[in-house]
Amino acid sequence: MTQHVSPPRGGTDKAAPLEGPPAWRVRLGRADVRTLTLLGVLAVLVLIGGITQPDSFLDTRNLQLVLTQASVIGVVTVGMTFVIVSGGIDLSVGAIVALSSVWATTVATQEFGFFGILFTAIVVGVGCGLVNGVLIAFGQMVPFIATLAMLASARGLALQITDGRTQVVTVPDVLKLAERDWYVLGIPPLVMVFAAVTIVGWLVLNRTTFGRRTVAVGGNAEAARLAGIDVRRQRLYLYLLSGLCCGIAAFLLVALAGSGQNTNGNLYELDAIAAAIIGGTLLTGGRGHILGSVLGVLIFTTITNIFALNNLQTDVQQIAKGAIIVAAVLVQRRTASTH
């Protein structure tokens, strides 16, 4: 008599397919590699600075200066990262910083003291962002054209307000932010503001619905619309956010320089875009990393400081920056083609 042996409970006559690692783990792994690479580049630059100018570069005052200079453009870069992640671009950030800084340092504004200057800088920045957002989201203008028009207009208005003259800040409480007596545990107040903006930006992009909607709009705007996302309103909010960051950066620049000038923020748009790119943010949208952008800012600021300490010409510095940007874009393309 033949006995029929049934397969074990839950068994199957086919081999179970091998499953790969979860998607979140793959993305985290890529982010870790990218962050470690940027940290490695920054460490190499610090090493070069320490070797070429050991007494000057590694001095505490110089390192504080590097971080302080990075704070202004860093705040702008956080806002720029959000815009690029959504598939947009903002060429007007430098001009908005200039306009915000000169409007906040007029004689009439300074009569209202510390909070008058801060309030004016932020309101002007948000106002410019509102104009950009309305033109792009509801006017259906190409972001490149709309922000280019804002660049020209804001620069012109800043020049008209100042008449080409420097507006000196006379409010002591604003100037104190750049004084060493106000450093907390050796950290300048401007750096603490930059750190706070970075943390908030990271949390918003990675831990909120707003951040997920931003990534969705940048990845595929039509799919995002079909999923129920108000794409136009989201884009409006993003340019408002960029304007807000420009307003904050303008206030930090006023405190650092002790004045407002129509030339403030020159080429900030290019530096912010470059920092975001080498930090891993795709120009086509759909992916971005606040921490990577911040590391990009620190890399560029460190390069500038090393070149200045070694009395190297500005044109060589620009060539080095351009080479880094090209290398970062090539790495992005290679990464995208292999995944």
Side-chain angles (χ1 to χ4, degrees), residues 34 38 41-42 69-98 125 128-129 132-133 136 141-152 154-155 194 197-198 201-202 205 214-215 217-218 235 238-250 253 264-304 314 317-333 335-336:
R34 179 174 48 255
L38 292 173
V41 172
L42 185 59
Q69 292 176 336
S71 299
V72 179
I73 184 62
V75 172
V76 175
T77 302
V78 171
M80 180 69 79
T81 301
F82 275 89
V83 171
I84 297 178
V85 169
S86 71
I89 199 73
D90 192 347
L91 300 179
S92 64
V93 291
I96 294 176
V97 169
C128 292
N132 281 336
I136 294 168
M141 289 187 67
V142 177
F144 181 90
I145 300 299
T147 57
L148 185 61
M150 175 58 71
L151 183 156
R155 283 287 178 196
F194 175 34
V197 171
T198 299
W202 186 90
L205 184 60
T214 301
V215 174
V217 170
R235 285 175 174 161
L238 288 166
Y239 282 95
L240 284 173
L241 176 61
S242 179
L244 172 63
C245 289
C246 289
I248 296 173
L253 185 58
N264 283 343
N266 187 34
L267 297 181
Y268 272 19
E269 57 277 358
L270 299 183
D271 288 342
I273 293 171
I277 291 173
I278 72 170
T281 301
L282 291 179
L283 272 176
T284 53
R287 192 182 76 188
H289 309 277
I290 297 295
L291 180 58
S293 297
V294 169
L295 290 174
V297 170
L298 293 176
I299 288 172
F300 279 141
T301 308
T302 304
I303 291 175
T304 301
T314 305
Q317 173 185 323
Q318 298 300 328
I319 293 172
K321 285 185 177 182
I324 292 175
I325 295 171
V326 171
V329 173
L330 291 176
V331 170
Q332 278 191 3
R333 290 175 62 87
T335 302

Show the nearest heavy-atom pair for residues S293 and A276, with the distance to one decimal.
OG-CA, 3.5 Å

Measure across T302 and L42 and return the closest heavy-atom pair with its distance rounded to 0.1 Å.
OG1-CD1, 3.6 Å

Would V85 and T281 satisfy side-chain contact (heavy atoms from CB on, under 4.5 Å), going step by step from the backbone distance to the final call?
CA-CA 7 Å; V85 169; T281 301; 4.0 Å; yes

Minimal non-hydrogen separation, V297 against A70, with atom names:
CG1-O, 3.5 Å

V78 versus G201, closest heavy-atom pair with distance
CG1-CA, 4.3 Å

Looking at every non-hydrogen atom in both residues, tell me the closest pair between M150 and A95 and how far apart they are.
O-CB, 4.5 Å

Rounding to 0.5 Å, atoms CG (L253) and CD1 (I248) come to a distance of 13.5 Å

Rounded at 0.5 Å granularity, tell me how far CG in L238 sits from CD1 in I84.
11.5 Å

F300 and I278: CA distance, side-chain angles, deciding distance, side-chain contact (heavy atoms from CB on, under 4.5 Å) verdict
CA-CA 10 Å; F300 279 141; I278 72 170; 4.1 Å; yes

Under the side chain to side chain contact (heavy atoms under 4.5 Å, CB included) test, which residues partner L38, sequence neighbours left out?
R34, L295, I299

Looking at every heavy atom in both A98 and R155, which two are closest together, and how far apart are they?
CB-NH1, 3.3 Å

Between I277 and L283, is there a side-chain heavy-atom distance shorter than 4.5 Å?
yes

Distance from T77 atom OG1 to L298 atom CG, nearest 0.5 Å?
10.0 Å

Determine which pairs satisfy side-chain hydrogen bond (donor to acceptor under 3.5 Å, both in side chains) with at least one residue from residues 266-276, sequence neighbours left out, and list them in order.
none

Between CG on residue N132 and CE on residue M141, distance to nearest 0.5 Å:
9.5 Å

Do L91 and I273 pass the side-chain contact (heavy atoms from CB on, under 4.5 Å) test, and can you show the C-alpha distance, the side-chain angles, and the key distance before you say yes or no?
CA-CA 9 Å; L91 300 179; I273 293 171; 4.1 Å; yes

Just do the side-chain contact (heavy atoms from CB on, under 4.5 Å) check on I96 and V76 with the steps written out, would you?
CA-CA 10 Å; I96 294 176; V76 175; over 6 Å; no

Here the gap from L205 atom CG to L291 atom CG, rounded to the nearest 0.5 Å, amounts to 11.5 Å

Would you call I290 and F82 a side-chain contact if the rule is heavy atoms closer than 4.5 Å?
yes

Mind checking whether V97 and V93 have side chains closer than 4.5 Å, heavy atoms only?
no

